[in-house]
Amino acid sequence: MLNVENVKKEFKNNLVLKGINAKVTSGQVIALIGPSGAGKSTFLRCLNMLGKPTSGAVYFDGQDLMKCNDKQLDKLRTKMGMVFQSFNLFENMTVLDNIKVAPIKVKKMADQKATEIAHQLLKQVGLDNKADVYPSSLSGGQAQRVAIARALAMQPEVMLFDEPTSALDPEKVGEVLSVMQDLAQQGMTMLVVTHEMDFAKNVANQIWFMDDGQIMEKNDPESFFSKPKTERAQDFLSKVI
Ligand code: ADP
Ligand code: MG
C-alpha cells in the first residue's frame with residue numbers, strides 16, 4: 001500500500017531523515033517509536049507530502065507521490081486519515097458537522113448519507129450523545145475521539161497517527177487507545193507514532209524503532225520488547241519501560 005524508498009529530508013543543511021526504506025501492507029498496524037527529535041513526525045509528514053522529501057520516493061497505491069501535482073495529491077490524501085496530537089477540530093461547527101464536512105465538500109456525498117455515516121462513526125467512538133455539541137465542551141479524550149471519527153469519515157485506506165494521546169490527561173489516554181485498538185481489530189491499516197509502549201506491545205504487529213533520522217530496527221513486538229536487536233533500542237527501552 002505504501003512503499004518508501006530512500007527518503008531523505010533536509011531542513012537548512014540539517015539532514016533529518018537519512019534515507020528511509022519502509023513498506024506498509026494492507027492490514028498492518030505499525031508502531032513507530034523512538035526518542036524525541038528522531039524524525040518520526042517528519043517521516044509521517046513525508047508519507048502524505050505535507051512535507052515533501054528532499055529526495056527518494058513514496059509510492060501510495062502504486063502512484064509515485066513525488067511526481068503528483070497538487071490536485072492528484074489532494075485526491076490521494078483523502079485516502080490517508082491523519083490524527084495529530086492536537087485535535088484541530090473546527091470550533092465553530094458541531095461535532096456532527098465536523099465529521100460531515102469533508103465527505104460533503106470533498107467527496108460530494110449527499111447530506112443525509114454523510115449524517116448517517118457520522119452518527120455511525122460517533123457510535124463507534126462512543127460519542128453519539130455528543131453529536132450536537134460544540135468542540136469546546138468536550139474533554140481532550142472526547143475531542144481526540146471525534147478527530148478520529150472525522151478522519152474515518154473519508155473512508156481512508158490507511159490511518160496515520162502522530163502521538164494521538166500525548167496531549168491528554170493521563171486518565172483520558174485509555175479511551176483513545178481503546179478506540180484505536182478497536183480500529184486495529186477491524187483490520188484498519190495503521191501507522192502510529194506513540195510513546196505508549198503497552199499499546200505498541202499489545203496492538204501493533206510490527207515495531208519500527210527510529211533514531212537519528214533512520215529506522216534502526218524493524219521487528220515484531222514480542223522480539224523487540226524482549227530482545228531488541230540494536231543497542232540503541234535497548235538503551236531507549238531501558239529508559240521508557
Ligand atoms: P520527532 O517527531 O521524532 O520528535 P521531528 O520529526 O519532529 O522528530 O524532528 C526531527 C528533527 O527535525 C528535529 O531536530 C527538528 O528540530 C527538525 N525539524 C522538524 N521540522 C522542522 C522544520 N519545519 N524546520 C526545521 N527543522 C525541523
Ligand atoms: Mg513528533
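Counting starts at 1 for both ligands and their atoms, following the listed order. Residue numbers start at 1 and run along the sequence shown.
The shortest contact between atom 19 (C) of ligand 1 and any protein heavy atom is with Phe11 CE1, 3.6 Å. Shortest contact from atom 8 (O) of ligand 1 to any protein heavy atom: Gly39 N, 3.2 Å. Among all protein heavy atoms, the one lying closest to atom 7 (O) of ligand 1 is Ser41 CB, 3.8 Å. Scanning all protein heavy atoms for the shortest distance to atom 13 (C) of ligand 1 gives Gly37 O, 4.2 Å.
For the residues Lys40, Met210, Gln85, the heavy atom positioned nearest atom 3 (O) of ligand 1 is part of Lys40.
For Ser137 (side chain) and Val133 (main-chain N/O), no donor-acceptor pair under 3.5 Å exists by modelled atom type. Judged by distance alone, the side chain of Asn14 and the main-chain N or O of Val16 form no donor-acceptor pair under 3.5 Å. At distances below 3.5 Å, not a single donor-acceptor pair connects side-chain atoms of Thr94 with backbone N or O atoms of Asp132. A distance-only check finds a donor-acceptor pair linking the side chain of Asn202 to the backbone of Asp198 [under 3.5 Å]. Not one N or O on the side chain of Asp162 forms a donor-acceptor pair closer than 3.5 Å with the backbone of Ser41.
At a distance under 4.0 Å, a protein heavy atom can be found next to atom 21 (C) of ligand 1. Checking atom 26 (N) of ligand 1 against the protein gives a heavy-atom contact under 4.0 Å.
With a heavy-atom cut-off of 4.0 Å, Thr42 touches ligand 1 through backbone and side chain alike.
The shortest N or O to N or O distance between Phe43 and ligand 1 is not under 3.5 Å.
Coordination check, Thr42 versus the Mg ion (ligand 2): failed, since every N/O/S atom of the residue sits at 2.8 Å or beyond.
Cation-pi check for Arg150 over Phe90 is met; the charged atom lies under 6.0 angstrom from the ring centroid and within 45 degrees of its normal.
The distance from ligand 1 to the heavy atoms of Pro35 drops below 4.0 Å at these ligand atoms: 3 (O). Within the listing of ligand 1, atoms 10 (C), 11 (C), 12 (O), 17 (C) sit less than 4.0 angstrom from a heavy atom of Val16.
Between the side chains of Gln214 and Asp212, no donor N or O sits under 3.5 Å from an acceptor N or O.
Under a hydrophobic-cluster definition in which Ile, Leu, Val, Met, Phe, Trp and Tyr are linked whenever side-chain heavy atoms come within less than 4.5 Å, directly or via other members, Met190 and Ile215 are assigned to different clusters.
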